[in-house]
Amino acid sequence: MIKTSSQRCLKRLLEEPPDNVAKRKPAPQVPHPPTTGLSPFPRTRNPSPKSSQSKAPSRVGQYTLVERYEGEEVYRAEHSQTKKQFTCQVLSLHSYQDFLIAYNRIGQHESICSLLDTVICGDRAYVFLSGHYGDMHTYVRRWKRLSEDEMRHLFTQVLNAVSHCHQHGVILRDLKLRKFVFTDKNRTSLALLSLNDCTVLYGNHGDDSLTDRHGCPAYVSPELLTNGKGSYSGRAADIWSLGVSLYTMLVGRYPFQEMQPAALFAKIRHGAFSLPEWLSPQAKCLIGCMLRKSPAERLKASELLMHPWLTSPSRPHRSTHKTQRSSQQVLQIKQEDNQVVPTWTEKAQ
């Protein structure tokens, strides 16, 4: 039986003792195999399987799950009456409790997608957020490399979202390009899709020490790979992931990339990466402020917003975006295809 969300339902979930929720049997997860090759458009999956109960139904309450986005348990949904488009994220009830707490903590923000509705179905919560026009991962994979002028505007919005979360004691942990989506057709406005996988700090918000290891291998920071079972700074780990994101947006490939996880993690532990000569000095400086091996040396999100690359760029750069690229630039990008953003990345275990 499906129950639509209401204040009473949300109140019950929030007041339910954590021990009771933990005893619930989590919804089974079906691992998604890696895709190969580079596709300019996101692939979708049919959200209405014939036999597997572990996958989402095609109809949830007053919503229809139209298609599944690549890489996450996230769907494009449509309201059956208004035909309005939404983004639906499927969570376990335990994860949904943490999700609600995080949203209550940060409140409304223009660069974070708002929670609009929830449908509880069995042991799963179907969370509905505003519809979007694609994620940043797919955008970078399509265009390979983006101009500094364009990225300056978009990355400012990314930093605003992360800074707001950090100031309110929310550590995002699994930061990556796929988490940021375009909220307009012209793809000029970015927003953090949701707060799943985040950690909420209690008590002293200044103490952001975490011990659990979570994240996407290409974005994980060195201290998560070298500290054993010791603690690390959650905010500093998020900043490293932001550095990987900006590097990838500007260069078109990850700063650390290997086919085998062991080789990839060895590179990340070493912390050495190369920057193309054609990047502006200010862009190189900003990336270097985030991709520092020592967590204590990385700038905070609020400090990064004051960096000259964002506030007073030295000079405009010629756009290498979309159809304005020269034939030489296109050839160079093709030669780097073995290093461009892949279509699938497995989470670190």
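- With hydrogens and angles ignored, the 3.5 Å screen pairs no side-chain donor or acceptor of Arg76 with any backbone N or O of Val66.
- Partners of Gln157 according to the side chain to side chain contact (heavy atoms under 4.5 Å, CB included) rule, which considers only residues two or more places apart in sequence or in another chain, are Ser111, His153, Leu154, Ser189, Leu190.
- Side-chain contact check for Arg213 versus Tyr232: some heavy-atom pair is nearer than 4.5 Å.
- The closest side-chain heavy-atom distance from Cys216 to Leu175 is not below 4.5 Å.
- Of the candidates Tyr69, Phe182, Tyr139, His132 forms a ring-ring contact (aromatic ring centres under 6.0 Å, His included) with just one, namely Tyr69.
- Within 6.0 Å of CD in Gln167 there are more than 12 heavy atoms belonging to other residues, nucleotides or ligands.
- No donor-acceptor distance shorter than 3.5 angstrom exists from the side chain of His137 to the backbone of Lys176, with no hydrogens or angles considered.
- A cation-pi arrangement, defined by a distance under 6.0 Å to the six-membered ring centre and an angle within 45 degrees of its axis, is present between Arg105 and Tyr202.
- The backbone N or O of Pro295 sits nowhere less than 3.5 Å from a side-chain atom of Glu223 that would complete a donor-acceptor pair.
- Checking side-chain atoms of Lys179 against main-chain N and O of Leu193 turns up no donor-acceptor pair under 3.5 Å.
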- request: Step by step, work out the side chain to side chain contact (heavy atoms under 4.5 Å, CB included) result for Leu195 and Leu115.
  value: CA-CA 10 Å; Leu195 300 179; Leu115 174 60; over 6 Å; no
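- Contact detail for Gly122 and Leu93: the closest heavy-atom pair is O-CD1, 4.0 Å.
- Judged purely by atom type and a 3.5 angstrom limit, Asp208 uses its side chain to pair as donor or acceptor with the backbone of Arg235.
- When every heavy atom of Ser130 is checked against every heavy atom of Thr87, the shortest pair comes out as O-OG1, 3.0 Å.
- Between Phe273 and Pro255, the closest heavy-atom pair is CB-O, 4.0 Å.
- Taking CG from Leu299 and CE from Met306, the interatomic distance works out to 8.5 Å, rounded to the nearest 0.5 Å.
- Of the inter-residue distances, the one linking Asp238 atom CG with Asp174 atom CG reads 9.5 Å to the nearest 0.5 angstrom.
- Residues His166 and Val170 share a closest heavy-atom pair of CD2-O, 3.5 Å.
- Atoms CG and OG, from Leu172 and Ser241 in turn, are 9.5 Å apart once rounded to the nearest 0.5 Å.
- Residues Thr138 and Asp135 share a closest heavy-atom pair of N-OD1, 2.8 Å.
- Glu73 is listed as a side-chain neighbour of Tyr75, based on a closest heavy-atom distance under 4.5 Å.
- Between Leu146 and Val140 the shortest side-chain heavy-atom distance falls below 4.5 Å.
- Rounding to the nearest 0.5 Å places CG of Leu264 at 8.0 Å from CD of Gln257.
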Residue pair His307, Phe155: steps toward the ring-ring contact (aromatic ring centres under 6.0 Å, His included) verdict: CA-CA 12 Å; His307 193 277; Phe155 192 68; over 10 Å; no
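- Residues Asn196 and Val127 have side chains not in contact (no heavy-atom distance under 4.5 Å, counting atoms from C-beta outward).
- Distance alone, capped at 3.5 Å, places no donor-acceptor pair between the Arg298 side chain and the Trp240 backbone.
- Remark: the backbone N or O of Leu159 is not paired with any side-chain donor or acceptor of Ser163 at under 3.5 angstrom.
- The backbone N or O of Val90 lies less than 3.5 Å from no partner atom in the side chain of Arg124, so there is not a single donor-acceptor pair.
- Lys84 has its side chain out of reach of Phe128: every pair of non-hydrogen atoms, C-beta onward, lies at least 4.5 Å apart.
- Ser80 places a side-chain N or O within donor-acceptor distance of the main-chain N or O of Gln62, the cut-off being under 3.5 Å.
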task: Just do the side chain to side chain contact (heavy atoms under 4.5 Å, CB included) check on Gln282 and Leu286 with the steps written out, would you?
output: CA-CA 6 Å; Gln282 289 181 341; Leu286 179 56; over 6 Å; no
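- Taking OG from Ser233 and CG from Leu210, the interatomic distance works out to 7.5 Å, rounded to the nearest 0.5 Å.
- Here the closest heavy-atom approach between residue Leu65 and residue Ala77 is recorded as CD2-CB, 3.9 Å.
- Atom CG of Leu129 is separated from atom OG of Ser114 by 8.0 Å, given to the nearest 0.5 angstrom.
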query: Should Val162 and Leu304 be marked as a side chain to side chain contact (heavy atoms under 4.5 Å, CB included) after you check the CA-CA gap, both sets of side-chain angles, and the distance that decides it?
result: CA-CA 11 Å; Val162 175; Leu304 292 169; over 6 Å; no
task: Give the C-alpha distance, both sets of side-chain angles, the deciding distance and a yes or no for side chain to side chain contact (heavy atoms under 4.5 Å, CB included) between Val158 and Ser245.
output: CA-CA 10 Å; Val158 170; Ser245 298; over 6 Å; no
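- Contact check for Leu246 versus Trp309: side-chain heavy atoms found under the 4.5 Å cut-off.
- In this structure Tyr63 satisfies the side-chain hydrogen bond (donor to acceptor under 3.5 Å, both in side chains) test together with Asp117, sequence neighbours excluded.
- The environment of NZ in Lys300 is sparse: at most 12 heavy-atom neighbours from other residues, nucleotides or ligands sit within 6.0 Å.
- Remark: Arg152 engages Asp149 in a salt bridge, criterion side-chain N to carboxylate O under 4.0 Å.
- Residues Ile268 and Ser221 fail the side-chain proximity criterion, which asks for heavy atoms closer than 4.5 Å.
- At a cut-off of 3.5 Å, with distance as the only test, a side-chain donor of Tyr96 or Thr118 sits close to an acceptor on the other residue.
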